[in-house]
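First the structure, in the form of structure tokens, and then the observations on it.
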Amino acid sequence: MNTPEFPGLAERLATVRGSVEDAVRAAGRPPGEVTTIVVTKFHPVSVIEALADLGVRDIGENRHQEAQVKAAALVDRDLRWHFIGQLQGKKARQVRAYADVIHAVDRDSLVAALASDDSQVECFIQVNLTDDPARGGVAPAGLLRLVETVLVTPGLRLRGLMAVAPLDQAARRAFAHVRELGESVRTVAPEATSLSMGMSADYIDAIAEGATHLRIGSAITGIRPVER
Ligand SMILES: *Cc1c(COP(=O)(O)O)cnc(C)c1O
């Protein structure tokens, strides 16, 4: 299918899908184990519609207000909404209302704010691979304790770990570290087998280290309209 209003979108999507398949094969991993989430932050609803027409099901957004509006506008499309940004506790309930998956759970107070007796939401714990707390994520030293908190909190289903590769380190090494952390998490949470890692610049390395959820924006959508 062509998307004349978004030149190149279909081609870029096809290119990324092809290189994801190639990287999965090269890593000796079974096909179908990797989900590509297309990150559409700052892009209009019409881009998400075009992506849905091209068979995309998983959409990533990182700002609550923007995500809420888009999810409401597209409620009749069969999409899975991934909230991938840092999340304020006071917005947790609202995000839970439309998000299928929350990727950046990183502290006790947020876990408490996401608790629910009525419904389940899938979540990833974000690990901070830098020394800068402002980057979001729990420090590796605090990871297992946070995992245990999630496991005893009603309404959360822990899928695994999420991370962003630091700028000052080879992405592949950073992702290998996340893979090892994931192995230790599985000793207490055997079902937390997923790894949300890999963006436009580094998803091939992420696949090689076991990523199951790629968060790919600009390589598919093109340049983001405004970085606010
Ligand atoms: C924007 C964003 C992405 C996608 O980034 P690209 O470099 O455009 O692929 C992935 N993960 C998070 C957390 C993001 O905020």
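Atoms within a ligand are numbered from 1 in the order they appear, just like the ligands themselves. Note that these values count all heavy atoms, side chains included, but never hydrogens, waters or copies made by symmetry.
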For residues 207-218, please give each side-chain donor-acceptor pair under 3.5 Å, one per line with the distance, not counting sequence neighbours.
| from | atom 1 | to | atom 2 | distance (Å) |
| --- | --- | --- | --- | --- |
| Glu209 | OE1 | Arg179 | NE | 3.3 |
| Glu209 | OE2 | Arg172 | NE | 2.5 |
| Glu209 | OE2 | Arg172 | NH2 | 3.2 |
| Thr212 | OG1 | Leu195 | N | 2.9 |
| Thr212 | OG1 | Leu195 | O | 3.3 |
| Arg215 | NH1 | Ala163 | O | 3.4 |
| Arg215 | NH1 | Ser196 | O | 2.8 |
| Arg215 | NH1 | Ser196 | OG | 3.0 |
| Arg215 | NH2 | Ala163 | O | 3.2 |
| Ser218 | OG | Ser200 | OG | 3.4 |

Item to complete: Consider only side-chain N and O atoms of Thr36 and Tyr203, and report whether a donor and an acceptor are under 3.5 Å apart.
Response: no
Worksheet item: Does any donor atom in the side chain of Ser46 or Glu5 lie under 3.5 Å from an acceptor atom in the other side chain?
Response: no
Item to complete: Can you sort out the partners of His43 under side chain to side chain donor-acceptor pair (under 3.5 Å), two or more places apart, ordered by chain and number?
Response: Thr221
Worksheet item: Could you give all pairs that pass the salt bridge (charged side-chain N to carboxylate O under 4.0 Å, His left out) test and reach residues 188-207, with sequence neighbours left out?
Response: none
Discussion item. Salt bridge or not between Arg96 and Asp118? Use side-chain N to carboxylate O under 4.0 Å.
Written reply: no
May I have every N or O pair linking ligand 1 to the protein at under 3.5 Å, one per line with atom names and distance?
| from | atom 1 | to | atom 2 | distance (Å) |
| --- | --- | --- | --- | --- |
| ligand 1 | 8 (O) | Ser218 | N | 2.8 |
| ligand 1 | 8 (O) | Ser218 | OG | 3.0 |
| ligand 1 | 8 (O) | Arg224 | NH1 | 2.8 |
| ligand 1 | 8 (O) | Arg224 | NH2 | 3.2 |
| ligand 1 | 9 (O) | Ser200 | N | 2.9 |
| ligand 1 | 9 (O) | Ser200 | OG | 2.5 |
| ligand 1 | 9 (O) | Gly217 | N | 2.8 |
| ligand 1 | 11 (N) | Arg215 | NE | 3.0 |
| ligand 1 | 15 (O) | Lys41 | NZ | 2.7 |

